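Report on one structure; see the data block that follows.
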Amino acid sequence: MADELSLSLALDPEQGVVRLVLNGHTVGRLGGHGGDPKIRLDPQFQDQFAAVEPYAAALFANMGETLSAALFEIGSFRVNQAGRPQGMAIPSQRRTQLHLGCGPDEREGWLNIDYRPSSPLGFDPAKNFLNYDLRAGLPLPDASADLIFSSHFFEHLRHEHATRLMRDCRRVLRSGGKARFQMPDYEKAMRAYVDRDPAIFADGQAQGLLNHMPAYSRHWGDLISRAVYEFYEHKYIWDPENLGAALIAAGFSAVREDNAVEGLDNLSDMRKDASFYVEAIA
Ligand SMILES: C[S@@+](CC[C@H](N)C(=O)[O-])C[C@H]1O[C@@H](n2cnc3c(N)ncnc32)[C@H](O)[C@@H]1O
């Protein structure tokens, strides 16, 4: 019986979903992120699906990261198709300060930009928020912004995407405008790891950075893995030296390392002592 059933996955860029197709019928969809896609089954196909469920569970368990990446990619097509024209149409006074990879830190007085594959498309004027995959650059006019800020964002991009976005930041800034980068301080983290610094380890534990791990995996190797890989989301390690060189190559005229600035940088407990700060002048 089971060998008469055919189960396949179909990427649907219009809907931004991966469809689950059983014997030619869409029986459900995959959603979710972070290597853990969830099956949302159409109830009317529940019985038919039962026959292939163990197979599907094993298949998806092994393909979790691939499927999450597929969801991320097909979401990008749809989100940016809507976000590009809407970004270009945002009134100029609402996009002089840009906050890239804002996450939940949506700020007043800034154009907050983040990529959220399963959230509403385009520009939300109430939050001054634009849903956009920044690997494609900024959907904004040349020389139109004074300040760009990002916190713990660029390390989520591959090197080629990060450097392309740096060039685009330069394009969108007016001459003399600034791009400010707050990023994980891996030099500090790795020194602490080599020294087995007990104070920094205790601080990481107090912040709950290992709470998701089993009890036997709460050691220095686990803490440095969390810092470097961040649930397998980090793609590249930057420090003031390689970031500065990349920013100059991207067309910025000067770069300097800075201290944290109250009211501008993200100084939450998790970020404050775990960051370096670099400012580049367009
Ligand atoms: C670690 S969070 C940082 C959030 C916030 N800035 C902070 O400091 O807490 C990284 C953010 O980058 C966003 N991000 C990752 N890839 C992105 C992309 N290609 N385009 C836009 N945002 C992206 C994620 O959605 C997430 O909100």
Side-chain angles (χ1 to χ4, degrees), residues 16 31-35 65 68-84 86-87 95 97-124 127-140 147-169 172 179-186 189 204 207-209 212 225-238 260-278:
H33 301 291
E65 259 181 75
S68 285
L71 288 167
F72 196 82
E73 294 308 329
I74 60 174
S76 167
F77 169 85
R78 185 169 139 272
V79 163
N80 283 9
Q81 213 179 31
R84 200 168 296 114
Q86 292 193 29
R95 50 176 165 75
Q97 302 195 120
L98 314 178
H99 184 190
L100 310 186
C102 63
D105 182 19
E106 292 168 354
R107 299 180 175 190
E108 247 186 84
W110 292 76
L111 174 60
N112 300 291
I113 308 179
D114 205 286
Y115 172 39
R116 299 177 183 163
S118 37
S119 290
L121 300 175
F123 178 59
D124 176 349
K127 296 176 167 178
N128 222 29
F129 173 79
L130 180 68
N131 193 357
Y132 201 76
D133 178 356
L134 288 163
R135 291 177 302 173
L138 293 158
L140 299 169
L147 180 59
I148 298 180
F149 173 71
S150 68
S151 161
H152 291 240
F153 161 57
F154 272 77
E155 69 278 9
H156 289 253
L157 305 181
R158 292 172 63 106
H159 185 270
E160 64 269 30
H161 294 141
T163 49
R164 184 161 79 191
L165 183 56
M166 287 173 202
R167 288 194 292 278
D168 222 40
C169 288
V172 166
R180 187 173 174 86
F181 300 82
Q182 176 177 358
M183 286 194 184
D185 187 344
Y186 285 123
Q207 286 179 39
L209 298 183
H212 60 295
S225 292
R226 167 74 203 265
V228 171
Y229 296 110
E230 183 70 3
F231 305 110
Y232 314 109
E233 288 181 7
H234 285 172
K235 306 256 186 323
Y236 207 76
I237 290 181
W238 296 96
V261 172
E262 198 80 45
L264 175 56
D265 296 316
N266 182 338
L267 302 182
S268 63
D269 286 350
M270 185 112 124
R271 299 271 181 260
K272 195 172 54 175
D273 298 325
S275 304
F276 72 86
Y277 306 86
V278 158

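Treat the numbers as computed from the prediction; the structure is a model and nothing was measured. Both counts, for ligands and for their atoms, begin at 1 and track the order of listing. Each residue takes its place number in the sequence, starting with 1.
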Answer yes or no: are there more than 12 heavy-atom neighbours, outside R158 itself, under 6.0 Å from its atom CZ?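 Count not over threshold, so no.
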More than 12 heavy atoms from other groups under 6.0 Å of CD on E108: no
May I ask you to test the V261-R180 pair for a side-chain heavy-atom distance under 4.5 Å?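 Yes. Closest side-chain heavy atoms under 4.5 Å.
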For R135, which residues count as a salt bridge (charged side-chain N to carboxylate O under 4.0 Å, His left out) partner, sequence neighbours excluded? E73, D133
Does N112 use its side chain to pair, donor to acceptor, with the backbone of D114 at less than 3.5 Å?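 It does not hold such a pair.
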Compile the protein residues with any heavy atom at a distance under 4.0 Å from an atom of ligand 1; present them by chain, then by number.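 Protein residues near ligand 1 are G101, C102, G103, D114, Y115, Y132, D133, L134, R135, S151, H152, F153, H156, L157, N266, R271.
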Which label fits F72 and Y115: parallel for a plane angle under 30°, tilted from 30 to 60°, or perpendicular past 60°? perpendicular
